[in-house]
Amino acid sequence: MQYFNSDVISICNNTTYSECAASVSSRYPVRVSKYYASLIRQDGDAIWKQCMPDIRELEDDIQCPDPLEESSLSPVPGLIHRYPDRVVLLVSNLCPVYCRFCMRKRHVGSGDSPMGEAELKRALEYIAANRAIHDVILSGGDPLMLDDASLELVLSSLKAINHVSIIRIGTRVPVTLPERITPRLCTLLKRFHPLYINTHFNHPDEITGDSKRACGMLADGGMQLGNQTVLLKGVNDDADIMRRLMTGLLGIRVKPYYLHQMDLVRGTAHFRTSVRAGLEIVRGLRGHISGLAVPHYVIDLPGGKGKVAVLPDDVEREGDMLLLRTYTGERVEYRDLVDAT
Ligand SMILES: *Cc1c(COP(=O)(O)O)cnc(C)c1O
Ligand code: SF4
């Protein structure tokens with residue numbers, strides 16, 4: 001399979017920063033699309049932090065490269081089968097931007113070659129032989145970094161398997177390389193409905209005319225658009241930023257789906273916030289903005305045990321009486337009549 005060609009900028013040629021960038025990039029690849037680099041307003045801003053290498057990536061040596069044990073849940077190369085009815089297919093390991101906090105830091109950019117046709121064939125055989133699999137999630141890297149012909153091959157092969165009823169694509173392309181979303185691509189994707197696309201916006205500054213146009217084209221093509229945000233220290237760990245992000249997404253036809261607690265992946269510790277802080281941010285969303293804009297806050301448990309949704313603790317029980325905390329902080333009693341009988 002082949003990749004789509006895109007512009008990349010080189011960032012390692014700036015003076016004081018270059019030594020750090022070079023040493024980090026020898027371990028974790030660095031790549032920034034021209035478009036995404038153009039969103040940086042100043043060094044250290046929310047866009048900069050997400051894409052520019054930081055020496056702290058090398059200092060974090062305690063955490064594990066693959067805490068979710070994706071490798072051990074991989075019955076054939078490039079396929080992760082954790083839940084009975086759905087699998088993740090890693091079709092690409094290239095992205096327009098290598099996010100410094102990536103949970104697949106061990107995988108992305110390594111060798112830059114997409115899944116080969118032999119590997120794809122084995123993965124398809126595995127899916128075809130497992131009738132319990134109804135939902136296939138294309139991930140990577142970024143699946144939309146494949147060229148149109150390769151994408152078409154993957155999608156049509158999946159579509160040909162009767163028990164696969166939905167296909168999902170996890171992609172950051174609308175955020176980092178919106179020019180990849182072309183009328184031609186949308187015409188291709190439309191043939192594979194029901195197709196769900198989960199994109200990955202982390203900050204309101206990523207919502208631009210270009211990303212709005214990209215999402216609009218996909219939505220016009222009938223694609224259901226969701227969003228997965230990663231909670232990142234110094235980037236979006238703030239209720240006001242999160243409210244602007246989530247409501248801004250609704251405005252570009254994207255429904256917030258998950259807010260992820262950072263995985264314990266080596267090289268990313270400087271982005272981690274506490275779950276307590278995350279819960280406070282979620283508390284700042286529910287009731288304060290459109291319910292449609294509130295994502296599920298999830299922790300993906302180490303050891304491949306799956307995602308668990310967590311909620312702020314707003315229920316206290318005394319017998320059949322519930323004491324509920326409202327979005328304004330008021331405590332209100334509510335009698336649980338069914339339980340009382
Ligand atoms: C997140 C994930 C899924 C999809 O989970 P949903 O809750 O259905 O979105 C499937 N497989 C793996 C390995 C995952 O990490
Ligand atoms: S786009 Fe996704 S897979 Fe690629 S580096 Fe960023 S977080 Fe990782």
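Computation of the quantities below employed the complete heavy-atom set of this structure, encompassing side-chain atoms and omitting hydrogens, waters and symmetry-equivalent molecules. Read the numbers this way: they start at 1 and go in the same order the structure lists the ligands and their atoms.
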List ligand 1 atoms under 4.0 Å from Tyr258, heavy atoms only on the residue side. 6 (P), 7 (O), 9 (O)

Set of residues satisfying ring-ring contact (aromatic ring centres under 6.0 Å, His included) with respect to Tyr126, sequence neighbours excluded: His81

In terms of side-chain geometry, is the basic nitrogen of Arg272 or Asp60 positioned less than 4.0 Å from the acidic oxygen of its partner? no

Which of the atoms in ligand 1, numbered in the order shown and given with their element, are less than 4.0 Å from a heavy-atom of Ile80? 13 (C)

Find all atoms of ligand 1 within a distance of less than 4.0 Å from any non-hydrogen atom belonging to Ile137, and give their numbers and elements. 3 (C), 4 (C), 10 (C)

Does Tyr257 reach ligand 1 with a nitrogen or oxygen that is under 3.5 Å from one of the ligand's nitrogen or oxygen atoms? yes

Side-chain donor-acceptor pair present, Asp237, Thr273, cut-off under 3.5 Å: no

For Tyr28, is the NZ or CZ atom of Lys105 found under 6.0 angstrom from the centre of its six-membered ring and inside 45 degrees of the ring axis? yes

Check this for me: does any side-chain nitrogen of one of Glu280 and Arg283 sit under 4.0 Å from a carboxylate oxygen of the other? yes

Heavy-atom pairs closer than 4.0 Å: do any link ligand 1 to the side chain of Lys307, the backbone, both, or neither? side chain

Check if Val97 has a non-hydrogen atom at a distance under 4.0 Å from any atom of ligand 2. yes

With respect to Arg86, determine whether any N or O atom, backbone or side chain, lies less than 3.5 Å from an N or O atom of ligand 1. yes

Around atom 8 (Fe) of ligand 2, how many protein N/O/S atoms fall inside 2.8 Å? 1

So does Asp148 pair up with Arg180, basic N to acidic O under 4.0 Å? yes

Does this structure show an ion pair linking Arg244 with Asp240, if we count only N-O contacts that are shorter than 4.0 Å? yes

Quick one, His200 with Asn198, criterion side chain to side chain donor-acceptor pair (under 3.5 Å). Give me CA distance, side-chain angles, the key distance, then yes/no. CA-CA 7 Å; His200 177 175; Asn198 266 322; over 6 Å; no

Given 3.5 Å as the limit, does a donor-acceptor pair link the side chain of Asn130 with the main chain of Ile133, or not? no

State if Arg168 counts as touching ligand 1 under the rule of any non-hydrogen atom under 4.0 Å. yes

Looking at His203 and Asn236, would you say the former's side chain and the latter's main chain have a donor-acceptor pair under 3.5 Å? no

Got the closest protein heavy atom to atom 12 (C) of ligand 1, with its distance? Val88 CG2, 3.6 Å

Return the residue, atom name and 0.1 Å-rounded distance of the protein heavy atom closest to atom 2 (Fe) of ligand 2. His200 ND1, 4.3 Å

Asp300: which of Lys307, Arg104, Lys305 passes salt bridge (Lys or Arg N to Asp or Glu O under 4.0 Å): Lys307

